[in-house]
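Note sheet for the following structure.
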There are 2 protein chains.
Amino acid sequence: MMEETRVKLIQAARRAFAAKGYAAASMDDLTAEAGLTRGALYHNFGDKKGLLRAVIDQIDAEMVARMRVERDRADTAWLGFLAECVAYIEMALEPEIQRIMLLDGPAVLGDPSRWPNQNECLRATAQTIQALIDEGTVKPVDTEAAARLLNGAALTAALWIAAADDPRAVFPKAVETFKYLAEGLLRTETRLPPSRQKERPQIE
Amino acid sequence: MMEETRVKLIQAARRAFAAKGYAAASMDDLTAEAGLTRGALYHNFGDKKGLLRAVIDQIDAEMVARMRVERDRADTAWLGFLAECVAYIEMALEPEIQRIMLLDGPAVLGDPSRWPNQNECLRATAQTIQALIDEGTVKPVDTEAAARLLNGAALTAALWIAAADDPRAVFPKAVETFKYLAEGLLRTETRLPPSRQKERPQIE
DNA sequence: CTATTGACATACGGCGCGTATGTGATTTTA
DNA sequence: TAAAATCACATACGCGCCGTATGTCAATAG
């Protein structure tokens, strides 16, 4: 089966890219680990970048799924939004996601919004923000801008946590600060209501 | 002079890394452009990463200098802080800074806070935030967390703007949204005072 | 039964990095 | 001041890796 070959190669690539980074991952090695050769790789994905694109597509889909789960579990739309963002930070702590999606991806393929899949993560966040604006919770900001900047802040938070000497000590600081920033999007009249009521005690 | 050799190599490397990216820049080519060979490069910088580190050090210093100038030009500390951040976004629009500092740098050398120079940009921002906390303008947040997340948001904004079809149309959206996020750090009592008075008219 | 296509494997060439070694000039040391 | 050591770089070599060109074998078509 050709589909099976693609799956095996993508899986091997995920491990190799995560462990060694895109540049240092040898295509001879990772194809051998999948029980194949570089011939199969070039036949299915064109070149090394094509393989990276395929891997990123797969991970992106998984990330969106997890974010939706976390969002839908929350009581209010605002809390769902924050949960979505925190889930993003948590995922970004995983070495595989960090290395492939957040470091090598942008460096090799350029701006994430131009990626094959169009980066579902960003679109999902923008949708959530639009719902919050319609609901009257959030100021009428540009949804794409807000989604991107918050994603960027979350990404930076994750990189910081992961590189820290004591990640567990840094994590709450990052999340707390992130929530402050997000609250800057709230309408000034309804400034502290949706979040502070039942979420504060969890933080401090 | 050995110092002159280092300067020539760093200069050639800046151009090569900015134009082709770190991975695609050939050391044979860039040293030849400086009128030297790879021998000089390995003697002075150890390896290719070492040269990148030297280039990053130089750019980082230039960025801090520009940020300080913008900050000191403002009337209040809060406006100075915002000016500093906007300056960061503007600098991040330059292809050289974007490619080297924001894309290849983290991918090749890892987390910016572990860089040789310790990343002066972040330290400078953290200092400014500390001053705002002492002044009573900003909530008593963790200064490193705030500096990092805002830098991350600014970086993302810059990458977005640079990759946009119409950068000039996107720029004001990004800056406006960034300011909203930053205002999430303000103390709730003094929420809209320092910024809205003389800065709003410039934006809309 | 032959021909063609598809899915891979194998073979080849070139490039780029790192290191080992060479060289002329400058500085140290006796 | 002559010999020796050091310095700043150039040259030479080997290795790994990528991309492409070519080969192989099975499946399907005619």
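Below, read A as the first sequence line, B as the second, and so on, with proteins coming before strands; counting in each chain starts at 1. All values derive from a computational prediction rather than experimental measurement.
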Side-chain N or O of A:Asn44 less than 4.0 angstrom from OP1 or OP2 on C:dC8? yes

Any side-chain N or O of B:Thr37 under 4.0 Å from OP1/OP2 of D:dT11? no

Only distances under 3.5 Å count here; give the side-chain donor-acceptor pairs of residues 26-38 of chain A to other protein atoms, sequence neighbours excluded, each with its distance to 0.1 Å.
{"from": "A:Ser26", "atom 1": "OG", "to": "A:Asp28", "atom 2": "N", "distance (Å)": "3.3"}
{"from": "A:Ser26", "atom 1": "OG", "to": "A:Asp29", "atom 2": "N", "distance (Å)": "3.3"}
{"from": "A:Asp28", "atom 1": "OD1", "to": "A:Arg38", "atom 2": "NH1", "distance (Å)": "2.8"}
{"from": "A:Asp28", "atom 1": "OD2", "to": "A:Arg38", "atom 2": "NH1", "distance (Å)": "3.2"}
{"from": "A:Thr31", "atom 1": "OG1", "to": "A:Met27", "atom 2": "O", "distance (Å)": "2.6"}
{"from": "A:Thr31", "atom 1": "OG1", "to": "A:Asp28", "atom 2": "O", "distance (Å)": "3.0"}
{"from": "A:Thr37", "atom 1": "OG1", "to": "A:Gly39", "atom 2": "N", "distance (Å)": "3.2"}

Starting at the 5' end of nucleotides 11-18 of chain C, put B wherever the base has a protein heavy atom under 4.0 Å, S where only the sugar-phosphate does, and a dash everywhere else. B----SBB

At what distance, to the nearest 0.5 angstrom, does CG of A:Asp60 lie from CE of A:Met101? 4.5 Å

Phosphate OP1/OP2 of C:dC8 contacted by A:His43 side-chain N/O (<4.0 Å): no

Check ion pair B:Arg148-B:Glu144 (N to O, under 4.0 angstrom): yes

Nearest whole Å is fine: how far is D:dC9 P from B:Leu51 CG? 14 Å

Using a 3.5 Å cut-off and no angle test, enumerate the donor-acceptor pairs between side-chain atoms of residues 164-171 of chain B and protein atoms at least two apart in sequence or in another chain.
{"from": "B:Asp165", "atom 1": "OD1", "to": "A:Arg114", "atom 2": "NH2", "distance (Å)": "3.1"}
{"from": "B:Asp166", "atom 1": "OD1", "to": "B:Arg168", "atom 2": "N", "distance (Å)": "3.4"}

Between B:Leu82 and B:Ala182, the two heavy atoms sitting closest are CD2-CB, 4.0 Å

Inter- and intrachain pairs under side chain to side chain donor-acceptor pair (under 3.5 Å), touching residues 88-102 of chain A, at least two apart: A:Arg14-A:Glu96, A:Arg66-A:Glu94, A:Arg99-A:Asp104

Separation of D:dC7 atom P from B:Glu3 atom CD, nearest Å, is 17 Å

One would report the end-axis bend of the helix from C:dC1-D:dG30 to C:dA30-D:dT1, five pairs per end and rounded to 10 degrees, as 10°

Under 3.5 Å, is there a donor on one side chain and an acceptor on the other for B:Thr128 and B:Arg71? yes

With a 3.5 Å cut-off and sequence neighbours excluded, list the donor-acceptor pairs that the side chains of residues 45-52 of chain B form with protein atoms.
{"from": "B:Asp47", "atom 1": "OD1", "to": "B:Gly50", "atom 2": "N", "distance (Å)": "2.9"}
{"from": "B:Lys48", "atom 1": "NZ", "to": "B:Tyr22", "atom 2": "O", "distance (Å)": "3.0"}
{"from": "B:Lys48", "atom 1": "NZ", "to": "B:Ala25", "atom 2": "O", "distance (Å)": "3.1"}

In whole Å, what is the span from the CZ atom of B:Arg6 to the C1' atom of D:dC9? 14 Å

